[in-house]
Amino acid sequence: MYQYLESRVSQSVRDFLRRAYQLEIATLVVEQPPKIEFGEYALPIAFELARKLRKAPRKIAEEIVAGIGAVPGIAGFEVAGAGYINVRVNRAEAAGALAADQTPPVQQPAGKVLVEHSSINPNKAAHIGHLRNAILGDTFVRLLHFAGRDVDVQNYIDNTGVQVADVVVGFMHVEKKSRAEIEALASAPHFDFYCWDLYARVSRWYEEDKQNLAARAAALHAIEAGNNETAKIAELISIAVLRRHLETMERLDIEYDFLPRESEILRLHFWDAAFGKLKEAGVLTFENEGKNKGCWIMRRAGTAKTGAAESAGKSGESAETAEGAEKISEDDQKVIVRSNGTVGYVGKDIAYHMWKFGLLGRDFSYRKFFRYPNAHECWISTTPSDPEADSEHPHFGDVAEIYNVIDARQSEAQNTVIEALRELGHGEAADRYTHFSYEMVALTPRCAAEMGYELSEEEKARPWIEVSGRKGFGVKADDLIDTLIASARKEVDSRHPELSDAERASIATQIAIGALRYFMLKFTKPSVIAFDFKDALSFEGETGPYAQYAVVRATNIFRKGGLDADKFLSDSAGGLSADDLAKYLDGESGNGLWELWMAAAKTSYVVAQCIATTESAYLAKHAFQLAQLFNAFYHQHPILAEPDEARKKFLLATAAVVRRELMRVLAVMGITAPPVM
RNA sequence: GGGCCCGUAGCUCAAGCGGAUAGAGCAUCGGAUUUCUAAUCCGGUGGUUGCAGGUUCGAGUCCUGCCGGGCCUACCA
């Protein structure tokens, strides 16, 4: 509602400026006044136009206010201060629409959106860093769904890389286990935890004797080649760990549609197809000298093309320098194909992203992999020779827009992929490729010490300590979730001893997930989260449980009143006349209640902001503010004791509307409110 | 060396494209109608937005230079 009225105001003002001053304003700044008394929208446009029109800002504002005429849904425009134009909404009208849950139609961009997130190496348990990724990604998916977009959720599985190879080496060379023994372990609980420890042991084993690294290289080659014992072991490990990851994420209501694997990128020769096109377009060049001699390289993203510098006329290979393919300095070179002919990660990623946009001319084979309790099917890539390959699969890839939730450390690699697409002539695809970049989760030095990590003096002074999978140092996702549930369970037990064990367990789980998801969303993306159990385990103040509690309180009002909140809205709230609403919401006396209604009207506005900026912290902030306003309202108005029936009905409608919107916002964050708390 | 990011209250973080008196939570201090459960509410304390210039009606926000911190800069992924 708030969003819809804003676009109306914006449109009217732009129409007026065109009419009165022949001015085209592409994007009109519309702000929110600092105080509700000033109105719902504020336009600083007069300041901007003062110079252009050679008039005082206040004079311009007065002209706009005088000439703009009536705008549906808007009560009036007025000049404030030195030239602000404050806009007042027709409160009763807006509230009526909100109570009736009228959602104005919004035009939808065409085409499917692909969100890639999680992408955890399938060689050990997921940790808190992966949780931030998955929660950011899943929330973004929910935001897109809320906005009516068609979304595919993908989780890329690097099952042929060094990390999987290391655990394979661990089983085969350090623990000297047979395939049967590994299989038994893989089907036991917490296999991912077992691998977590083993991965750290292997890293130490490499350090003990560098000769041991030969085992890694051999394993890596065998895995890439496929069809051998080592590859089979790698497959069984990565599949088992992957299942564990899906189970962990399922605890947080995070689901995927498709799991593309690197093994299929290799087996189905995606790279060969991409390589041909890249060579043809001149994106890749063959390096004849220097440290990268014999490699196919491209320019690293972010490096200037002007770096001609002192490229002494040494280039004997005139063919390379012809046709504008200027020499890339060694520092600016990114190796895509190694001198031994194998392709690196960025190369595979280029091929994969060409597939995402439907530009590769090849496709995966698919088979069903994981069925969620709600019957949602998660598919995995496979080869045509797989007897389980299913031709009745959904159509993946070939999308209009993509978002890759990948931490900031990979932004250069991501940008290099984008550049490759652009240079291939797919500029429109490159423009719709968004690296959803966020900072890592680290541990506070105190938390690291609690985890048993020995800190140097220098480390103690640092703001955070980075987690390290190689050292086996970090907080595992399942452990954190268990700790949160146990902590919430203690609170629930003390507050609700009358409930059954199963009920208390279920409530504690909802609270734990609410706390965790909110915690990961409340920080803006560029902020490093210095993790600490004390903060993460907090259920008070700016937390998920605080917002859940507001919903529970609203629910309680209706339960005690013998009413159903949603039914009340659809049955009775329609009976609230515009006069009734105006009586309670208009004027100075209505400001407090109106502020709450207005906050509730902002859901779609906030969602649109979050999508446009790929920043879901606004969503968390909004949920908190709405809950905060509601809690104050709750305290101030004892609704069920209200003697005036008309006023009581209005207050109930207020609670019902806020409850509905708060539940919606929480749902977008992947948070549900328990029946009681 | 080059690229990207960060520096705001004691602590952790906010502050849409530059806008009205820089806001929350935690901590701390003091209060709250024995009520729709206090996982709540109300109030107090707490700021030269790292430093110095510049741009303009207006700068936490943009530009330049410093200071401090982080990440990236592999024929790893």
Side-chain angles (χ1 to χ4, degrees), chain A residues 27-35 38 42 44 47-48 50-51 56-57 80-84 86 121 158 160-164 220 262 287 291-297 300-304 307 331-332 334-340 342 344-346 348-349 407-413 415 437 439-440 442 444 462-464 466 488 491-492 495-496 511 522-524 526-530 532 534-535 538-543 545-546 548-550 552-561 609 612-613 615 617-618 621 624-625 628 631-632 634-641 655 676-677:
Chain A
T27 48
L28 184 77
V29 176
V30 180
E31 293 169 353
Q32 294 174 39
K35 283 186 173 152
F38 297 162
F47 296 108
E48 197 184 318
R51 172 171 298 175
Y84 276 97
N86 288 339
N121 272 306
D158 177 10
T160 60
V162 176
Q163 295 212 23
V164 168
L220 203 48
E262 189 159 279
E287 183 61 28
K291 65 171 186 173
N292 294 328
K293 183 175 180 180
C295 299
W296 285 88
I297 56 143
R300 268 172 42 204
T303 59
D331 286 347
D332 295 347
K334 177 73 198 167
V335 171
I336 304 298
V337 180
R338 304 178 190 111
S339 55
N340 66 5
T342 58
Y345 153 77
V346 174
K348 288 177 230 174
D349 226 23
D407 78 64
R409 286 172 287 199
Q410 291 199 46
S411 52
E412 187 180 293
N415 289 333
S437 169
E439 267 296 346
M440 62 181 171
T444 61
R462 283 194 193 165
W464 63 74
E466 203 171 339
E491 298 292 326
V492 176
R495 284 158 216 252
H496 298 285
I511 291 170
K522 73 193 272 194
F523 301 92
T524 54
S527 172
V528 174
I529 297 181
D532 196 304
K534 180 176 146 288
D535 301 329
S538 167
F539 299 149
E540 289 168 16
E542 195 182 343
T543 66
Y546 177 95
Q548 290 173 311
Y549 187 59
V552 168
R553 287 180 133 183
T555 306
N556 284 345
I557 297 170
F558 289 91
R559 184 166 36 229
K560 284 272 162 90
Q609 289 288 326
T613 57
E615 180 54 85
Y618 299 135
K621 184 66 74 184
F624 175 65
Q625 280 167 352
Q628 206 174 28
N631 274 330
Y634 177 92
H635 189 259
Q636 207 181 334
H637 304 278
I639 300 178
L640 294 179
V676 296
M677 275 177 81

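Here is the naming used below: chain letters follow the sequence lines, and residue numbers restart at 1 for every chain.
Residues passing the side-chain hydrogen bond (donor to acceptor under 3.5 Å, both in side chains) test with A:Q410 are A:Y345, sequence neighbours excluded. Partners of A:D158 under the salt bridge (Lys or Arg N to Asp or Glu O under 4.0 Å) rule, at least two apart in sequence or in another chain, do not exist in this structure.
To the nearest 0.5 Å, atom NE2 of residue A:H637 and atom CD1 of residue A:I557 are 11.0 Å apart. Annotation: the span from A:F624 atom CZ to A:K522 atom NZ amounts to 8.5 Å, rounded to 0.5 Å. For the atom pair CG of A:N292 and CD of A:E287, the computed distance is 6.5 Å after rounding to the nearest 0.5 Å. For the atom pair A:L28 CG and A:E31 CD, the distance stands at 10.0 Å (nearest 0.5 Å). The CZ atom of A:F539 sits 7.0 Å away from the CD1 atom of A:I511 when rounded to the nearest 0.5 Å.
As rounded to the nearest Å, B:rG2 and B:rU8 have P atoms that lie 26 Å from one another. Nucleotides B:rG54 and B:rU12 have their C1' atoms positioned 33 Å apart, rounded to a whole Å. Rounded to the nearest Å, the gap between the P atom of B:rC66 and that of B:rU73 is 25 Å. Going from the P atom of B:rG44 to that of B:rG25 covers 12 Å, rounded to whole Å. Comparing the C1' positions of B:rU28 and B:rG65 gives a spacing of 40 Å, expressed to the nearest Å. Distance noted for atom C1' between B:rC51 and B:rG46: 23 Å (whole Å). B:rA22 and B:rG68 have their P atoms separated by 31 Å, with the value rounded to a whole Å. The same atom, P, is picked in B:rG47 and in B:rA9; the two are 10 Å apart, to the nearest Å.
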Inset, instruction - List the protein contact pattern of nucleotides 71-77 of chain B with one symbol per nucleotide (5' to 3'): B for base contact, S for sugar-phosphate-only contact, - for none; contact means a heavy-atom distance under 4.0 Å. - result: SSS-BSB
Legend entry - Under 4.0 Å protein heavy-atom contact, by nucleotide of nucleotides 39-46 of chain B - B base, S sugar-phosphate only: BSSS----
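Ionic pairing of A:R409 and A:D407 is present here: one or more N-O contacts between side-chain nitrogen and carboxylate oxygen are shorter than 4.0 angstrom.
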Inset, instruction - Just do the side chain to side chain donor-acceptor pair (under 3.5 Å) check on A:N631 and A:Y549 with the steps written out, would you? - result: CA-CA 9 Å; A:N631 274 330; A:Y549 187 59; over 6 Å; no
Inset, instruction - Give the C-alpha distance, both sets of side-chain angles, the deciding distance and a yes or no for side-chain contact (heavy atoms from CB on, under 4.5 Å) between A:K621 and A:E542. - result: CA-CA 9 Å; A:K621 184 66 74 184; A:E542 195 182 343; 3.3 Å; yes
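Residue contacts for A:A82: at a heavy-atom cut-off of 4.0 Å it reaches no nucleic acid atom on any strand shown. At the heavy-atom level, A:I336 lies nowhere under 4.0 Å from the strands shown. A:N415 comes within contact range of no nucleotide atom at all, as no heavy-atom separation falls under 4.0 Å.
Residues A:I529 and A:E439 are not in side-chain contact: their nearest non-hydrogen atoms beyond the backbone lie 4.5 Å or more apart.
Rounded to whole Å, the distance from CD on A:E615 to P on B:rU61 is 20 Å. In this structure, A:F47 atom CZ and B:rC17 atom P are separated by 19 Å, rounded to whole Å. As a whole-Å value, the separation of A:Q625 CD from B:rA24 C1' is 8 Å. Rounded to an integer number of Å, the gap from A:L640 CG to B:rC36 C1' is 5 Å. Rounded to an integer number of Å, the gap from CG of A:D407 to P of B:rC5 is 15 Å.
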What protein N or O atoms touch nucleotides 9-13 of chain B N or O atoms at under 3.5 angstrom, if any, and at what distances?
{"residue": "B:rC13", "atom": "OP1", "partner": "A:V528", "partner atom": "O", "Å": "3.3"}

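When all heavy atoms of A:G83 and A:F47 are compared, the closest pair comes out as N-CZ, 3.8 Å. Heavy-atom minimum distance, A:G161 versus A:E262: N-OE2, 4.3 Å. Of all non-hydrogen atoms in A:A655 and A:A554, the two that sit nearest each other are O-CB, 4.2 Å.
If A:Q32 and A:P526 are placed on RNA chain B by their nearest nucleotide, the residue sitting closer to the 5' end is A:P526.
Consecutive Watson-Crick or G-U pairs involving RNA chain B, each under 3.5 Å on both distances, make up stems of three or more pairs at B:1-7 with B:67-73, B:10-13 with B:23-26, B:28-32 with B:40-44, B:50-54 with B:62-66.
Of the N and O atoms on the side chains of A:R553 and A:N556, not one donor lies less than 3.5 Å from an acceptor on the other residue.
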